[in-house]
Amino acid sequence: MRVLVIGGGGREHAIVHACARAGHEVLCTPGNPGIAKMARLLDSPQDAASLAQLAQREGADVVIVGPEAYLAAGVVDACTALGVPAFGPVQAASRLEGDKVWSKAFMTRHGIPTAAHHSFTALEAALAHLAGLSTTSPIVVKDAALKAGKGVTLAHSVAEAETALREIFSGPDAQAVIEEFMTGQEVTILALTDGERYALTPPSQDHKTIHEGDTGPMTGGMGVICPFPVDDATMTAIRQTIIEPTLRGMKAEGHPFCGVLYAGLMLTPSGPKVVEFNARFGDPEAEAVLPLLESDLAQHALDAARGELDPSSVRFRAAASAVVILAAPGYPGEPQRGIPLTLPPTQENEVIYHAGTRMDGDQLRSHGGRVLAVTATAPTLNAALGRAYALADRVDFPGAQLRRDLGGRIGAVPEPSTV
Ligand code: GLY
């Protein structure tokens, strides 16, 4: 099969890797230097119409869309209009991620458990609500629009929440959500779906703040462990109270959700609740989950795009994975670009996915906030963590930021790597 992957980060590198592993011819736009080693990169304008025409011209059997911005711009709608199967939600369905006010209202309409919340279209109303709050817990302030994972502030004071709200409402057409702070373990559940049938990937856990101990500002994600242990009763609750009502609700409202439904959940004392929905593979969750996929991602994508997903055909290895993100100095503020990078050789079950890199002649350089996603799989989580950290330590990346406490929330301890 000829597969066109759209995007150019670590998630898309993992998607390309999964498709190439299954023996498919893979094309990618815009791609990155790591992807270039396993796919043919295509130079193209990145608007929806141009990408759909590119897919048609190149004879792609299926298009897999990585980043949310392309979904929100309607790339799946444009491909569908040209008769090219595309794996991802149409623009109207991508609102589940792209518009947090709409998404919260959808959850309320369908009784899907989530944090208590209030949505605002004006700063004054949001500030008045803030003034009336009498909580000692942190206050969660969310920008309703797409912000590459950085639109959430966990404010530890009313003043901090006010600053976040003023920042959100400094732009045009802004909307904000203020919500209850939930406690518990956070887990990511990804559902591959054709809009009705679905298969879940193994649960995973991202580490969203820049610093260890879950401190500092939010990032797009600094590292992932997979599988995150979730007991059977909780998995049943996740399926029955979150995934299934969401798919049924999206279909009932006239925009079935095809693609990857990302459910960011909190396992609270009163059951699993939605922190956020996203409309695509997580990044870096994809870099943890996809190396464990045994079956054929491109085939699943094509089946889902045709409305014929067979959930029993989606299979994962019974193993564990760990992803250590190496981020540039300055991230999640202004990342330093152009830092020379030297990557070590990798062994079997290790991959260094490129997230923000570029070639400068023969020299690889940093070119973004999150730069590399260093991934290892192993029979146990502790072994996977040990291998991923050992590999990360062999990367020559002056000033790189990484978190050394991945898996610590569940007591995982990196096993000294003998590889
Ligand atoms: N890792 C968080 C996200 O993909 O949004």
Side-chain angles (χ1 to χ4, degrees), residues 107 110-116 137 140 179-193 197-208 213-214 221-249 260-278 281-282 284-295 309 311-323 375-386 388 403 405-415:
M107 287 182 243
H110 295 279
I112 296 162
T114 187
S137 300
V140 183
E179 65 181 44
E180 161 204 24
F181 176 72
M182 295 190 286
T183 53
Q185 290 279 354
E186 210 168 339
V187 60
T188 302
I189 301 286
L190 304 173
L192 275 53
T193 179
R197 288 159 290 268
Y198 69 92
L200 300 185
T201 69
S204 59
Q205 185 173 62
D206 191 7
H207 296 70
K208 293 209 173 113
D214 299 319
M222 288 299 289
V224 172
I225 54 166
C226 178
F228 177 84
V230 180
D231 62 58
D232 289 349
T234 306
M235 277 313 295
T236 301
I238 290 170
R239 285 177 180 273
Q240 294 181 347
T241 67
I242 294 171
I243 303 297
E244 291 164 16
T246 301
L247 297 181
R248 273 198 306 271
V260 180
L261 174 65
Y262 171 127
L265 307 179
M266 191 68 82
L267 305 183
T268 74
S270 55
K273 293 187 182 178
V274 177
V275 176
E276 63 174 355
F277 280 128
N278 291 324
F281 278 113
E285 286 93 335
E287 293 95 305
V289 162
L290 291 177
L292 299 175
L293 182 69
E294 216 166 38
S295 52
L309 180 72
S312 68
S313 69
V314 181
R315 293 182 317 277
F316 290 86
R317 272 196 287 146
S321 61
V323 179
T375 301
T377 63
T380 66
L381 181 58
N382 288 353
L385 279 164
R403 279 183 61 161
D405 64 344
L406 304 181
R409 290 183 213 142
I410 56 163
V413 179
E415 209 165 83

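When reading the values below, keep in mind they use all heavy atoms of this one structure, side chains included, and skip hydrogens, waters and symmetry mates. Bear in mind that the values here come from a model prediction, so they are computed numbers and not experimental data. Note that the numbering runs from 1 along the sequence shown for the chain.
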Over all atoms of both residues, closest heavy-atom pair of [X] and [Y]:
X: Met182; Y: Val274; value: CE-O, 3.7 Å
X: Leu292; Y: Ala320; value: CD2-O, 4.0 Å
X: Tyr262; Y: Phe281; value: CD1-C, 4.3 Å
X: Asp405; Y: Gly213; value: OD2-N, 2.7 Å
X: Ala388; Y: Ala322; value: CB-O, 3.8 Å
X: Ser321; Y: Leu381; value: O-CD1, 3.6 Å

Do Ser137 and Glu180 come close enough that some side-chain heavy atom pair is under 4.5 Å?
-> no

Give the table of side-chain donor-acceptor pairs shorter than 3.5 Å for residues 224-234, with sequence neighbours excluded, one pair per line with atom names and distance.
unit_1	atom_1	unit_2	atom_2	d
Asp231	OD1	Ala233	N	3.2
Asp231	OD1	Thr234	N	2.7
Asp231	OD1	Thr234	OG1	2.8
Asp231	OD2	Thr234	OG1	3.2

Supply the atom-to-atom distance [X] [atom1] to [Y] [atom2], rounded to the nearest 0.5 angstrom.
X: Met107; Y: Lys273; atom1: CE; atom2: NZ; value: 12.5 Å
X: Ile242; Y: Leu247; atom1: CD1; atom2: CG; value: 12.0 Å
X: Ile112; Y: Glu244; atom1: CD1; atom2: CD; value: 11.0 Å
X: Thr246; Y: His110; atom1: OG1; atom2: NE2; value: 8.5 Å
X: Met222; Y: Lys208; atom1: CE; atom2: NZ; value: 13.5 Å
X: Glu415; Y: Leu385; atom1: CD; atom2: CG; value: 9.5 Å

After noting the C-alpha distance and the side-chain angles of Leu293 and Val314, does the key distance pass the side chain to side chain contact (heavy atoms under 4.5 Å, CB included) rule?
-> CA-CA 8 Å; Leu293 182 69; Val314 181; 4.2 Å; yes

Are the side chain of Thr193 and the backbone of Arg197 linked by a donor-acceptor contact shorter than 3.5 Å?
-> yes

Using atom types as modelled and distance alone, determine if a side-chain donor or acceptor of Glu186 lies under 3.5 Å from a backbone N or O of Gln205.
-> no

Does a donor on one side chain sit under 3.5 Å from an acceptor on the other, for Glu285 and Ser204?
-> no

Arg409 meets the salt bridge (charged side-chain N to carboxylate O under 4.0 Å, His left out) criterion, sequence neighbours left out, with Asp214

